[in-house]
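Below: the structure, in structure tokens.
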Amino acid sequence: MKRPHVLASAAVSIDGFLDDASPRRLVLSGPADLDRVDAERAGVDAILVGAGTVRADDPRLLVRSDDRRADRVARGLGPSPLRVVLSAHDLDPAARVLTEGRDVADTVVLAGTPHEVLDQLAGHGVVRLMVEGGAGVHREFLGAGVVDELQLVVAPRLVGAGPRFTGAPDEAHLVETRPVGPDVLLRYRFGDADARWLAEACSLAERCPPSPSAFSVGCVVVAADGTVLATGHSRRDDVLDHAEEVALRDVDRDDPRLPGATVYTSLEPCGQRASRPVTCAQHILDAGIGRVVMAWREPPLFVGTPSGAARLEAAGAEVVECPGFAELARRPNRHR
């Protein structure tokens, strides 16, 4: 049973603190980032915090946006993800995570090492897990090497004392930096290049509008030096768009880096297509790209015999299948 994909999310001050030393909760990030975090919550199967966070902050751990809750329901999910509290002891029965929102989200209390907890959550059907803290929980999960993605928001404040964000022994690779209101989001991934970028492609698939007659797919085109040349996802610009087609549309065909680039895609590039005359496999070959890494073989739902990988290999391209990412790639296609 494949363990869940783990997203760790935290906001820190410029000097690296998660909170100050006072008994009152310090909210570091601004409204724009809190809305971004709400969108991330809406895109996972479970949210995990430690008992210390429950005692100190008394969170509800629910998706706040009405539209995001409705979108989850339309995708066949509950309005809010499963709520998970990591604790070896009983919680206060009046805690809001236990008493509020029980009609829209279940709550489980688990104990054990990060590996044991992830095994238990896999048994609950969790594919994407969001770890929101506190400091000790982040340290445990990062120290255990089970975090796949880290979203760290730096707020323009100096705190001076309090719990710090620590605990990553492995090298973290920066994949995105962008302002979010007055804050800055630093997004990191762990693992080797294929694992990082294939996970990124699977995350892009989560952005696709659902369709009853097409898959939700994400794609990243990466040069040999690690530069992202383009990204795309199904139905990004048009209802008929495929992920690889969209990404390659944004690439300069005269870019000398293309022959050494890799296409990372959550689903096998199509080798047959009903909606448009050119398949994604052919788009890749026309771009001169010789390597494709995919998470999931295309099931024969919309075409008789999917053959994108075979067409690519017949033309001399290297095709690498990573079945360990298949559940992550299938997740945005649960509505089918």
Side-chain angles (χ1 to χ4, degrees), residues 2 4-5 7 39-46 63 65 67-79 81 125-130 148-149 175-176 189 195-222 228 230-250 263-276 278-281 283-284 292-303 306 308-309 321-336:
K2 181 72 171 64
H5 180 273
L7 160 64
E40 293 292 348
R41 283 184 176 184
V44 301
D45 301 307
V63 175
S65 164
D67 289 342
R68 290 176 185 133
R69 289 197 299 270
D71 180 67
R72 283 180 57 88
V73 172
R75 293 172 182 264
L77 304 170
V126 173
V127 176
R128 296 189 78 220
L129 170 68
M130 186 173 182
D148 300 285
E149 180 181 357
V175 296
E176 182 185 9
R189 286 198 177 276
R196 297 196 307 270
W197 295 119
L198 193 53
E200 189 75 0
C202 291
S203 292
L204 285 167
E206 298 283 348
R207 302 184 186 181
C208 303
S211 167
S213 58
F215 291 107
S216 293
V217 184
C219 175
V220 186
V221 183
V222 183
V228 175
T231 65
H233 59 81
S234 305
R235 301 176 290 284
R236 188 192 72 182
D237 304 324
D238 184 273
V239 69
L240 298 180
D241 280 341
H242 285 197
E244 300 92 337
E245 172 185 41
V246 169
L248 292 171
R249 186 187 300 157
D250 294 342
V263 169
Y264 293 94
T265 179
S266 62
L267 180 68
E268 176 185 7
C270 65
Q272 299 180 34
R273 189 169 182 180
S275 59
R276 286 178 178 162
V278 181
T279 65
C280 289
H283 280 302
I284 292 168
V292 176
V293 178
M294 63 185 190
W296 181 27
R297 291 264 175 182
E298 182 181 1
L301 294 181
F302 307 124
V303 294
E321 183 179 1
C322 299
F325 288 86
E327 282 304 311
L328 197 61
R330 291 188 186 102
R331 186 183 180 278
N333 296 285
R334 285 174 172 173
H335 59 286
R336 252 170 228 100

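Note that these values count all heavy atoms, side chains included, but never hydrogens, waters or copies made by symmetry.
Taking SG of Cys208 as the start and NE2 of His242 as the end, the distance is 10.5 Å to the nearest 0.5 Å. Rounding to the nearest 0.5 angstrom, the gap separating the CZ atom in Arg41 from the OG atom in Ser65 is 12.5 Å. Rounding to the nearest 0.5 Å places CE of Met294 at 10.0 Å from CG of Leu198. To the nearest 0.5 angstrom, Ser234 atom OG is 8.0 Å from Asn333 atom CG.
In this structure, the side-chain contact (heavy atoms from CB on, under 4.5 Å) partners of Val73, at least two apart in sequence or on a different chain, are Pro79. Residues that satisfy the salt bridge (charged side-chain N to carboxylate O under 4.0 Å, His left out) test with Arg72, not counting sequence neighbours, are absent from this structure. By the side-chain hydrogen bond (donor to acceptor under 3.5 Å, both in side chains) test, Ser275 is found to be paired with Arg273, residues two or more places apart in sequence or in another chain being considered. Evaluation of the side-chain hydrogen bond (donor to acceptor under 3.5 Å, both in side chains) rule for Asp45 yields Arg331, Arg334 as partners, not counting sequence neighbours. Residues satisfying the side-chain contact (heavy atoms from CB on, under 4.5 Å) criterion with Ala195, sequence neighbours excluded, are Asp192, Phe325. Listed by chain and number, the residues in a salt bridge (charged side-chain N to carboxylate O under 4.0 Å, His left out) with Glu200 are Arg187, Arg189 (sequence neighbours excluded). Scored by the side-chain hydrogen bond (donor to acceptor under 3.5 Å, both in side chains) test, Thr265 finds Glu244 as partners (sequence neighbours excluded). Take Arg207 and apply the side-chain contact (heavy atoms from CB on, under 4.5 Å) test, not counting sequence neighbours, and it matches Leu204, His233. Judged as a side-chain contact (heavy atoms from CB on, under 4.5 Å), and not counting sequence neighbours, the contacts of Asp241 are Asp237, Asp238, Glu245, Val246, Arg249, Arg276.
Nearest heavy-atom pair across Pro4 and Leu129 is CB-CB, 4.3 Å. Residues Gly324 and Lys2 come closest through the heavy atom pair O-CE, 2.9 Å. The nearest pair of heavy atoms linking Cys280 to Pro269 is CB-CB, 4.1 Å. Nearest heavy-atom pair, Ala247 versus Gly232, reported as atom, atom and distance to 0.1 Å: CB-N, 3.9 Å. Here the shortest heavy-atom pairing between Ser266 and Ala201 reads N-CB, 4.1 Å.
A distance-only check finds a donor-acceptor pair linking the side chain of Arg235 to the backbone of Pro209 [under 3.5 Å]. Within the 3.5 Å criterion, the main-chain N or O of Glu298 finds a donor-acceptor partner in the side chain of Glu268. For Arg128 (side chain) and Leu328 (main-chain N/O), no donor-acceptor pair under 3.5 Å exists by modelled atom type. A distance-only check finds no donor-acceptor pair linking the side chain of Ser216 to the backbone of Pro210 [under 3.5 Å].
At a threshold of 4.5 Å between non-hydrogen side-chain atoms, the residues Met130 and Pro81 do not count as touching. For the pair Pro299 and Leu267, the minimum side-chain heavy-atom distance is below 4.5 Å. Contact check for His5 versus Glu149: side-chain heavy atoms found under the 4.5 Å cut-off.
Of the options Val221, Val220, Val263, a side chain to side chain contact (heavy atoms under 4.5 Å, CB included) to Trp197 is made by Val220 and by none of the others.
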